[in-house]
Each structure stands twice: as C-alpha cells, then as structure tokens.
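Contents: one structure, followed by commentary.
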Amino acid sequence: MNRELPSASVFINSWKLALIILVLAAVLRLWGAFDLNEYIEDETLHVSYAKSLGTYGTTANWGWHHPQLSGLIVYGTIRLFGDNPVGWRSSNVFFGTASVALIFLIGRLLYPGSGAPILAMSLLAFDPDHIYLSRTTFVEIPVTFFFLLYLYLLLEYTENRKATLPLAGIAMGLTMGTKAYYALALPMSVLYALLRVRQDRGLDRRVIIDFVVALLMLPFAVYFLCYWKWFGRGYTLFDFIRMKMDAVWALQQLTMDNFAHHREFLAAGGKPWEWFIKPAFWGHQRLFSKETGIFLIQCNNPPFRLLTLPSLLVASAYAFKRRAARELLAPALFVGCYLLMMLARRPIFGYSALPLVPFAYLAIARSVAVLAEKMKKETAVYACFLLAVFVWGAYMFPIVSARLVPLAPFRPILSMARFLGNF
Amino acid sequence: MPFRNKTIPAIALFSLAVFIWTFAYGPARREFISQDKTVTVHSARDIEELWRSSGVHGRVAVVFARHLSRPFPANTFPEMDYLDAAMNHGIVREAYYIVPDRMWTQVIAESIENPSIIVQPKLTDTGYILLHEDGRIYVIPLSKYIPDLGQEKALVVIEPAIWSSEEQSRIDGFVKSGQLTSDLTVIVGDVK
C-alpha cells in the first residue's frame with residue numbers, strides 16, 4: 001500500500017483522534033436539536049406520514065411511492081419519546097452521528113495505512129448540510145447510514161474474511177427499505193465483492209450460494225418485512241409488484257408544477273448536475289432584530305464538495321495506476337448513485353445529494369492523502385486540511401442549527417443565499 | 001465453517017418463510033362481517049360510521065354512484081370524502097367507482113379538474129385508475145365493468161337514484177350471478 005507515515009503519526013489508525021471527531025460530530029448533531037418545538041420544513045410531511053403509517057398502516061402526503069422503514073422508525077421514536085422534537089428527530093441524530101463512525105471504519109478498510117479515513121470522517125462530521133439534515137427527519141440520513149453499514153460489513157467480509165455477509169445482507173435490506181437511492185450502487189458493490197473474493201480465494205459453488213442467500217434472498221426478505229404495515233392492509237406480493245410499478249409511473253409524471261407551493265425553495269438547491277460544481281446556499285430565517293436572528297441554512301458545503309470531481313479523477317487515476325479495485329470502489333459507487341439521479345425522470349432536490357456525499361468525501365480524502373504523500377508533507381497537509389474542515393464546520397454550525405446569532409459574521413453567506421424565506 | 005453450514009440454510013429458510021408470508025399475511029388481516037347485510041343510509045357520514053363500527057378492514061369497495069368524493073352542496077351524495085377517509089384508515093385498500101355511461105365524459109372532466117389529484121389518471125382499456133395515496137381507485141363506466149374479485153366479498157355502495165331500470169338490472173345481475181358478492185351492501189336512500 002502507501003508509503004506509511006511513522007506509526008506514531010496521529011493521523012494514521014488513530015482511534016483517539018477518531019473518537020474525538022466522533023464526539024464532536026455527536027455534539028454538533030445533538031446540541032439544541034430538540035429546541036425548536038415546531039416542524040422544520042419537510043418534517044410536517046414526515047411526521048404525519050410516520051403517524052399515519054404507525055396508526056393505520058397507510059401513508060400520507062403523497063409518500064406512498066417511497067419505502068416505509070424510515071416512517072416506521074420515526075413512529076417508533078414517537079412512541080418512545082412522545083410526539084415532540086425528541087420523538088421526531090432523535091433517530092436522525094443517532095444515524096447521522098453513527099454514519100461518521102462508519103465512514104471512518106470503511107476508510108480503514110479501503111485505504112489502510114493512510115490518513116484518508118480520518119480526513120473522510122472529519123469531512124462528514126463537520127459537513128454543515130449533514131449536520132442540518134441529521135437534526136431533522138429527512139430520510140436521506142437513515143438511508144445513507146444503512147448503506148454505509150452494509151458497505152462496512154461487506155468490506156469486512158471481502159477484505160478481512162470475517163463472517164459478516166449475512167449481517168451485510170440485513171443492512172442491504174434495510175437500505176432498500178428506506179429509499180431507492182442506492183438501486184445501482186447495491187449491485188455494483190456486490191459485483192465488487194465477487195471480484196475481490198475471486199481474486200482472494202476463488203469463486204466456488206459454496207461462495208455463490210452464500211452470495212445468493214445472504215445478498216439476494218435475505219435483503220429481499222428484510223425489504224418485504226419493512227412493508228409489514230402495508231401488507232397488513234390486506235395486500236399480497238402481486239399487489240406489491242403492481243404498487244411498485246404504479247409508483248415508478250407516478251414518479252415519472254411529477255414535474256415542478258407538483259411542488260408549486262415550494263418551487264423557489266426547492267429549486268434553490270440546484271439541479272443534480274450543479275451539486276458538485278456551483279456553490280449553493282438556501283434556507284429560512286427568523287429575524288428578531290436587524291442584528292440578530294436564527295437560521296436554517298442548507299448548502300452544498302462549497303469549499304469541500306466542489307473538490308469532488310477533480311478528486312474523483314485523481315482517485316480513479318491512482319486506482320488504475322495501482323490496478324487496485326479497492327481504490328476504485330468509492331469513485332465507482334459515487335458514479336453509480338449519481339447516474340441514477342441524473343437519469344431520474346422526475347424533479348430531484350438538493351437534499352438528495354447527501355447519499356452521494358460519503359463517496360465524494362472518501363474520494364477527496366484519498367486524493368489529499370495521495371497528494372500529501374507525493375509532496376512528502378503528510379503531517380502538515382493533514383493538519384491543515386483538518387483545521388480547515390473544522391473551522392468551516394464550526395463557522396457554519398450556528399446558521400444550520402437555528403442558534404441565535406448576530407447577523408454580521410454571516411452576511412457573506414446570507415448574501416449568497418439563492419432563497420431565504422421566513423419561518 | 002460449521003457456523004456457515006447452519007447459518008446459510010437458516011437464512012434461506014427464513015427468506016422462504018417471508019416470501020410465503022407476503023401472500024398469506026395480507027389476506028389474513030382482511031376483516032369481514034360474519035353475516036351478510038344490506039343497510040340503507042342517508043349520508044356519506046353514515047357510510048363512514050357504518051364501515052368503522054363494523055370493524056371491516058383491508059377491503060375492496062365497489063361504489064355505484066354519480067360522485068365519488070368531491071364535496072358538493074347540501075342534499076347531494078356524498079357530502080364528505082368518505083372513501084378517502086376509509087382508505088386513509090385502512091378500511092378500504094382498493095376501490096371500484098362505477099358510473100353511468102351517460103355521465104362518463106363529465107366524470108372524466110371532474111377527475112382531471114380535481115385539485116386533490118397529484119398525478120393525472122392512468123388510462124386503461126376499460127376506464128382509468130386514480131392513484132390514491134392508499135390504493136388504486138378504478139373508474140369504469142357500467143357497460144365496461146365486469147366484477148373480478150374472485151371469492152372476495154366487497155363493500156358495495158349503491159346510489160339507486162342515478163341508475164335507470166336497465167342499469168339497475170345489470171347491477172342486480174352481478175349480485176345474483178355471484179360475480180359480485182358482498183358482506184355489507186349500502187343503499188344510499190334519500191339524502192338528508
């Protein structure tokens with residue numbers, strides 16, 4: 001692998017640094033997350049959806065075409081903590097924080113002996129939009145968590161020969177049961193696993209059976225079970241297939257006219273092709289005076305996500321040079337997910353960029369690590385990069401989390417906002 | 001390896017059991033009433049209360065009426081969105097809305113204009129489908145409707161005032177021939 005830094009380097013395999021970043025990630029997602037005792041944007045849809053699903057097995061707010069697991073989870077936390085901000089948001093706080101840990105673990109398996117895992121982890125931990133969405137009920141947080149969990153368990157199987165394949169299958173089913181973002185990435189990752197196993201120990205009948213059972217039968221079983229409320233309304237599998245076909249058809253009929261009430265706000269996040277090219281800030285404000293207010297700003301984390309496309313090129317070139325499939329996995333998964341969104345025949349909004357972000361950050365982190373190695377200044381580059389990520393995240397945190405802030409320090413961001421409504 | 005030898009067959013069996021469950025669980029959860037009955041009501045609210053109090057669940061509704069769900073002035077049926085409420089509460093999972101042929105073009109226009117429709121109706125050979133949040137609603141003119149529910153009994157709603165005697169005989173024929181069976185038939189009498 002890489003020319004390794006001295007084993008004492010704080011950036012390599014440092015569980016202590018990883019733990020510090022994880023604790024900070026938890027603080028940024030938890031601190032004040034339940035203070036706003038009102039629905040934040042789509043929470044008004046998500047919470048009523050969850051309650052309808054839990055109570056009657058039916059969906060609400062035209063959410064019938066999406067898988068139902070996230071609604072069941074939110075309903076579960078509402079039952080546990082009450083119909084209040086803790087009940088609505090606590091699952092996303094957990095899933096968002098846990099995703100930060102998972103990207104570190106995945107980074108260790110993909111890029112052992114490099115600083116990339118810590119860099120990728122910090123990018124996600126301090127990503128203002130990931131923080132924002134982790135403090136709400138958006139489905140993008142649990143679906144990303146479940147996919148990362150699946151990928152981690154799959155890599156433990158392929159890279160370390162651990163018996164995690166069935167667990168990976170469960171996590172795959174949970175991913176499918178939450179939202180369809182990874183419809184291409186899931187089979188791509190299975191193909192990667194088959195390739196790695198063939199390289200490592202050869203493919204025999206037993207391995208093929210394991211794959212079919214653990215990564216095909218089991219995920220679909222879990223996926224169907226995520227619809228137990230729906231099946232409980234009297235339906236059978238034939239009805240399910242018909243409903244899914246209806247859903248694809250209905251989604252393809254949607255245009256921006258169907259979102260007329262929020263058109264400007266939703267359009268502000270940009271079209272998919274813009275997500276990693278143009279800086280974007282948008283959101284809502286509540287001003288208390290000319291000098292102070294609270295904000296719920298969404299963004300595409302411009303300083304860092306705009307590094308994605310060049311980083312994908314660097315990481316891919318490096319992978320080809322080393323002839324290492326493992327190095328190519330994150331760029332390939334990014335492309336797989338992105339293609340699905342670019343080709344989708346329905347409006348796609350800014351928050352849908354989130355499921356791509358872990359792969360973008362793995363690619364960025366890998367590119368920074370490769371360049372740092374070439375410059376032979378790993379420690380300095382890693383330290384500067386981490387500092388930049390932390391400073392940006394700390395600066396943005398108050399305006400993505402509805403903290404009361406003076407306006408002056410944030411005017412540069414607010415002046416760039418494509419849309420700034422009141423809430 | 002012994003772990004693997006037990007785990008993989010166990011998972012395969014579990015998956016197979018879930019596959020069978022997808023066919024058995026839903027039908028087992030449908031709730032019917034034990035003795036078939038016919039009830040005359042005078043408002044959509046009566047139907048909603050009747051369905052709810054009867055404990056029926058996960059059912060197919062077959063509605064022979066002029067209007068499906070839009071709110072209309074007083075003394076018109078329905079005065080409330082009873083089918084929508086029944087679908088939202090899991091009472092009805094799928095509905096057939098059968099209308100007189102002479103009113104077909106009006107019904108289509110009303111469906112397209114209906115502001116609660118998110119996507120336009122899906123056309124079929126016999127009529128069209130409204131993709132309701134909680135199940136399909138088939139909209140069909142009477143002349144093209146042939147009941148196809150197998151052995152399953154339906155929740156039937158009939159608004160007799162809008163049907164000619166020939167049309168009424170056709171509807172009665174479905175019942176007599178056993179093509180359409182119902183455990184709870186609602187006749188909409190004079191609207192209050």
Side-chain angles (χ1 to χ4, degrees), chain A residues 49 52-53 55-65 163 165-167 169-170 173 206-207 209-225 227-243 245-247 249-255 258-259 346, chain B residues 1-32 52 56-61 84-94 115-123 129-137 150 152:
Chain A
Y49 173 100
S52 176
L53 192 60
T55 310
Y56 301 113
T58 58
T59 59
N61 303 315
W62 198 243
W64 63 276
H65 46 265
L165 205 59
L167 294 175
I170 293 172
R206 179 177 290 237
V207 172
I209 290 172
D210 287 358
F211 267 69
V212 169
V213 171
L215 296 185
L216 186 66
M217 293 173 69
L218 182 57
F220 271 100
V222 173
Y223 177 59
F224 292 142
L225 287 173
Y227 278 92
W228 70 277
K229 281 282 187 183
W230 186 87
F231 281 108
R233 289 191 49 222
Y235 295 113
T236 67
L237 188 59
F238 293 132
D239 300 317
F240 181 82
I241 293 164
R242 196 183 61 188
M243 182 269 284
M245 289 167 70
D246 282 346
W249 183 86
L251 286 173
Q252 289 177 349
Q253 308 304 307
L254 293 180
T255 66
N258 294 106
F259 305 92
R346 57 149 293 180
Chain B
M1 212 43 86
F3 172 74
R4 182 261 172 208
N5 290 345
K6 285 182 183 171
T7 307
I8 294 298
I11 294 171
L13 278 176
F14 168 74
S15 304
L16 197 63
V18 172
F19 183 72
I20 293 166
W21 171 86
T22 60
F23 286 99
Y25 180 63
R29 291 272 295 156
R30 294 172 194 162
E31 293 289 344
F32 299 81
R52 206 178 287 202
V56 290
H57 175 81
R59 302 292 303 280
V60 175
D84 183 63
M87 295 182 90
N88 290 342
H89 294 159
I91 293 169
V92 171
R93 72 175 196 279
E94 188 169 278
S116 68
I117 298 292
I118 305 283
V119 297
Q120 289 302 308
K122 192 175 182 179
L123 296 177
I129 301 166
L130 297 175
L131 292 178
H132 184 276
E133 175 92 38
D134 296 309
R136 279 181 163 195
I137 301 175
E152 186 177 348

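To find a chain, count down the sequence lines: A is the first, B the second, and so on, and within it residues start at 1.
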Would you call [X] and [Y] a side-chain contact if the rule is heavy atoms closer than 4.5 Å?
X      : Y      : answer
B/T22  : A/F231 : yes
B/R136 : A/D246 : yes
A/R233 : B/V92  : no

Looking at [options], which one has more heavy-atom pairs under 4.5 Å with chain B than the rest?
options                        : answer
A/T236, A/D210, A/N258, A/L218 : A/D210
A/Q253, A/M243, A/R242         : A/R242
A/A214, A/P219, A/A60, A/A247  : A/A60
A/Y227, A/F220, A/W228         : A/W228

Does atom CZ of A/F238 have more than 12 heavy-atom neighbours, drawn from other residues, nucleotides or ligands, at distances under 6.0 Å?
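For A/F238, atom CZ is not crowded (no more than 12 foreign heavy atoms under 6.0 Å).
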With a cut-off of 6.0 Å (strictly less than), are more than 12 heavy atoms of other residues, nucleotides or ligands near CZ of A/F211?
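It does: A/F211 CZ has more than 12 such atoms within range.
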So, B/E133 side chain and A/G63 main chain: donor-acceptor pair closer than 3.5 Å or not?
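Indeed, once roles are kept as given, a pair shorter than 3.5 Å links the two residues.
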Please confirm whether the backbone N or O of B/N88 pairs with a side-chain atom of A/T58, one donor and one acceptor, at under 3.5 Å?
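A pair under 3.5 Å: yes.
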Given the rule in the side chain to side chain contact (heavy atoms under 4.5 Å, CB included) test, do A/W249 and B/V119 qualify, once you have shown the distances and angles that lead to the verdict?
CA-CA 10 Å; A/W249 183 86; B/V119 297; 4.1 Å; yes
Locate the shortest heavy-atom distance separating [X] from [Y]; write the atom from each residue and the value.
X      : Y      : result
B/P27  : A/Y235 : CD-O, 4.0 Å
A/A250 : B/L131 : CB-CD1, 4.0 Å
A/V213 : B/I8   : CG1-O, 3.6 Å
A/A221 : B/V18  : O-CG1, 3.5 Å

If I measure from the heavy atoms of chain B, does A/W230 come under 4.5 Å with its side chain, its backbone, both, or neither?
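The answer is neither part of A/W230.
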What residue in B/M87, B/K122, B/R59, B/H57 has the most heavy-atom pairs under 4.5 Å with chain A?
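Between B/M87, B/K122, B/R59, B/H57, the count favours B/K122.
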Only pairs of heavy atoms separated by less than 4.5 Å count here; which of B/G90, B/A17, B/G58, B/S15 has the most with chain A?
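Looking at each of B/G90, B/A17, B/G58, B/S15 in turn, B/S15 comes out on top.
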CG/A/L225 to CZ/B/F14 distance, rounded to the nearest 0.5 angstrom?
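Atom-to-atom, A/L225:CG and B/F14:CZ are 5.0 Å apart.
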Quick one: pull up CG in A/L237 and CZ in B/F23 and give me the separation to the nearest 0.5 Å.
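Spacing of CG (A/L237) from CZ (B/F23) equals 4.5 Å.
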Need one label for [X]: side chain, backbone, both or neither, based on atoms under 4.5 Å from any heavy atom in chain A.
X     : result
B/H89 : both
B/E31 : neither
B/F19 : side chain

